[in-house]
Amino acid sequence: MKKKKWPFVYVAVITVLTYIPILLTVVYSFNTSKLTSVWEGFSLKWYRELFRDRDLGEALMNSLILAVLSCTFAVLIGTSGALGMSRRKRKTDEVVAYVSTLPIMIPEIILGMVFLSVFSLMGLPFGMVTLVIAHTTFCVPYIFTMVRARLVGMDHSLEEAALDLGATKWQVFCDVILPQILPAILSGVLLAFAMSFDDVVISIFVTGPKVNTLPVKIYTKLKTGVTPEINALATVMLIVILLCLMGAYLLGRKVKAPAGEK
Amino acid sequence: MTKTKTKGNSRRRSGNIGLLIPMYVFTILFVALPILYLFLLSFLQRAQVWGVDFTFTLDNYKRILEPLYLDTFWQSLKLAFTATFFVALIGYPYGYFMARMSAVWKRRMLLLIMIPFWTSALIRLYGWIIVFRSNGVLDKILMGLHLTDQPLKLLYTYPAVVVGMVYSLLPFMILAVYSSAEKLDMSLVEASRDLGASSWTAFWTVSFRLTLPGLLSGVVLSFIPSMGLFFIADILGGNKIVLVGSVIQEQITKGRNQPFAAALSAVLMVLTSVMIRLYRKITGTSQLEGML
Amino acid sequence: MKKKLAMLLAVTMLATLFTGCGAGGKEDKGELNLYTWDGMFPQEILDGFEKETGIRINYSNFDYDEDMLAKLEETKGGDYDLVIADDYIIELAIQEGLAQKLDTSKISTYENLNPVFMSQFYDPQNEYTVPYGAGIPLIVYDPGLTDVKITGYEDLWNPELKENVALTANYRVIDGITLKTMGESFNTEDLDVIRAAGEKLLTLAPNIRVINDNNTQDYLISGEVAAAFLYTSQVSAALQARPDLEVVYPKEGLGFGIMAGFVPSKAPNADAAYAFLDYINEPENAAECYDYIGYYCTNKAAEEYISDEMKKMIVLPEDAAEGEIVQNISQEAEDLHAEIWNQFKNACN
């Protein structure tokens, strides 16, 4: 079959367009002027400012811890939930599944406000604990729906065979089920992590006096208008992400290659 | 068949219930409870300074029926529909073509789509300001090409908001379409071609119909957040479009009226639930196709 | 198996991270949980305070005054040691019993404060608060972009400024200046008067290009608009970037806002809050702060240390005390303000 060229051109053009704002952010992080409306020359001073800022480093650390913890809990809750619900048809399951996806459908601000009230009624201390709980609520749906969709299309004969051959459930899980749902979990985590790492509104409401997260810092800084420093931060983040993804990509290739089921 | 099934099932059942406990407990405690509280709140009265009085009232819902707030809902729906339309128009072919690429390129493209997702959404929006502002990048290009002779006032207009929304929501659509197009069995398309269908007919009768669930789930996945994405309207639209999200924000903050904000959110939630119901009715599935 | 190992490793790493965080605090000289907007203090002042007292500052931010009130309500006045916020919200916080009475003898620099900014409606006896900066929103315009000679709020309605005006997003203030053009008070509770102001405000819509609370000065600096109604810090920022811009003290009368610090009722480290208030009101430190935030200096003794460049912008002129402060008003009036504001925004679009 001959390959047409124009689909690739289309995809390429759209992809390039989506990168324009990001590239501009990177370019302007080297701008001497404080304003993004004028270009005054190349400078690294905003990077110096950035690395001088102790709070930002701390906030970055907090955000990483928060995203990792929320994703971990979301994976445990979402995956076990999806596994437990697979192959049974219960009304209650459907209700729980639906309710669990609500946090990504409600405007963040109202979720933040409600969490603030409910957590305080529960007597939870505001800080990392409340942040992790709140973030886990909106991470679960991403992982749960992915894994569930994956389980629907999965061939169950393999696990039945394994069970019949006397494998323990744990063995079946590790050797049969997990490898099949791992891609779904990973893609869920990719999204959930991104959402947690970017959340401002809910975090502002549920955080405590000692925990600042990076997006909240960025947001409040953008409001007071220290933009070039934020551009520099965005550039650094972008580089780190690229390195991480590249690592994951190379690693993934190594792991995938021998597995290759299809 | 029946025999092994019962055996397997009974064994699995016992395990299933244990697996469900975290999901049930967590959802009830931290999702259902707060949402019930939200609904309760929407029937209460605001207190003088802060918080609520526990007196039952329907006033919050009555207030939504005022023309101002009905108009706000209408504006939000209109913007969400417009944005979703363009998201589908641009995202569907993208996801579809992506699914036709080689395995290596598929993975590369997925990464390319995810990378912007991992940087701050706010920072990306500020990038668009650099593009749109007077004498900004776009003005310079247009003037350089002699298409216009003076700076256009592009920023803080409705189209700028739509661009921002489309930009932010596009990945959801692409991923949804991609995941359903990827499962598409190309032999069906080829079979229809072999039977003499033109490539357009083959596309419409086979490919499009089979990827429709993906498209629809992309529509739902971009429509729902677009109802709440008021900060895009604030940043790129100059705060001039009043959306439900911004009214909720204003009522919680400056208005200090949690109950009214709760009522607005409740209506918004019901609206989105109806959307999802409709989606299930049309596609006959209970699953939102591929959020990745 | 490898995966299990990797998972285990990840968990242990996390665990160590956590304990590391918990125990990582330096030797205890106490800490100060400071709660205010971002960018309210220069880094040098925060560092200087930590070095001098050994108290560690946890600087956390809120976005809106009301977010702060919500947090204090839910923590019953605990968790935070020092809050700096706007006048009207402090009145509410005090009403709700969320602030504690100050022992001003613990602030040795207390007499440096400028009495003009004290004894205001939110704290008439100065029992709870210490002022930290004041603002007067003003009109700034670009004579290069418009021929209109702006002298007051009324001029913003001039048809020649079509789609050429930027406004801040505080509806009490914007509705308020409309009231001022009608010769009314910011704080009128007469619903008919407010409604009439709403009608008048609607006719301003064609001139509005953008409404934004943040970085509003940028629109002026980049030439996006010809005139803007700005907060004080934004006025300072605009003039620093573009000295050719004109500042207008509107003839109809000025609006006034004061920011102040208070100690929440159950502050865990109230003494640290006193130490900080003491520190930032040392004349030279205060001057550094006001230079940085660009609000009117509320510390009399600091005025002589303020840089010449900033002096004309943030030292209050002797004759400018004729301002009116936006205060809390009845709920109906407040709701009506919110409503006409949304109608106005819809009309701008």
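None of the values given here were measured: they were computed from a predicted structure. Each chain gets a letter, A, B and so on, in the order the sequences are listed, and its residues count up from 1.
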Fill in the blank from the handout: side-chain contact (heavy atoms from CB on, under 4.5 Å) test vs B/Thr253 passes for just one of C/Asp67, C/Leu69, C/Asp65, namely C/Asp67

Problem - Within 6.0 Å of CG in C/Asp244, more than 12 heavy atoms from elsewhere - result: yes

Practice task
Please indicate whether B/Phe86 has more than 12 foreign heavy atoms, meaning atoms of other residues, nucleotides or ligands, lying under 6.0 Å from its CZ.
Solution key: no

Between [options], which shows the greatest number of heavy-atom pairs under 4.5 Å with chain B?
options: C/Glu96, C/Glu73, C/Arg209; value: C/Arg209
options: C/Asn328, C/Val210, C/Asn212; value: C/Val210
options: C/Ala205, C/Gly223, C/Cys348; value: C/Cys348

Practice task
Heavy-atom distances under 4.5 Å only: say whether C/Phe344 touches chain B with side chain, backbone, both or neither.
Solution key: neither

Practice task
Measure distances from C/Ala347 to the heavy atoms of chain B and classify the residue's part below 4.5 Å as side chain, backbone, both or neither.
Solution key: neither

Tell me, for [X] versus chain C, whether the close heavy atoms (under 4.5 Å) come from the side chain, the backbone, both or neither.
X: B/Phe260; result: neither
X: B/Ala47; result: backbone
X: B/Leu155; result: both

Problem - Rounded distance (nearest 0.5 Å) linking atom CG of B/Asn239 with atom CD1 of C/Ile208 - result: 11.5 Å

Fill in the blank from the handout: Rounded to the nearest 0.5 angstrom, the CD1-OG distance for B/Ile130 and C/Ser222 is 11.5 Å

Exercise for the section: Determine the option with the most heavy-atom pairs under 4.5 angstrom with chain C, choosing from B/Glu66, B/Glu250, B/Lys240, B/Gln251. Expected result: B/Lys240

Practice task
Just give me the residue among B/Val242, B/Thr157, B/Val247, B/Ile252 that pairs up with chain C most often, heavy atom to heavy atom, under 4.5 Å.
Solution key: B/Val242

Practice task
Decide whether C/Glu224 and B/Tyr156 meet the rule of one side-chain donor and one side-chain acceptor closer than 3.5 Å.
Solution key: no

Handout entry: Residue pair B/Ile241 / C/Lys345, side-chain heavy-atom distance below 4.5 Å
Key = no

Problem - Non-hydrogen atoms of B/Lys254 and C/Glu66 that approach each other most closely - result: CA-OE2, 3.6 Å

Practice task
Compare every heavy atom of B/Leu68 with every heavy atom of C/Asn346, then report the nearest pair and how far apart it is.
Solution key: ND2-CD1, 4.0 Å

Practice task
Output, in order, the C-alpha distance, side-chain angles, deciding distance and verdict of salt bridge (charged side-chain N to carboxylate O under 4.0 Å, His left out) for C/Asp335 and B/Arg46.
Solution key: CA-CA 12 Å; C/Asp335 282 349; B/Arg46 60 177 285 194; 3.5 Å; yes

Problem - Inter-chain contacts: residues 161-169 of chain C against chain B, heavy atoms under 4.5 Å - result: C/Glu163, C/Asn164, C/Ala169

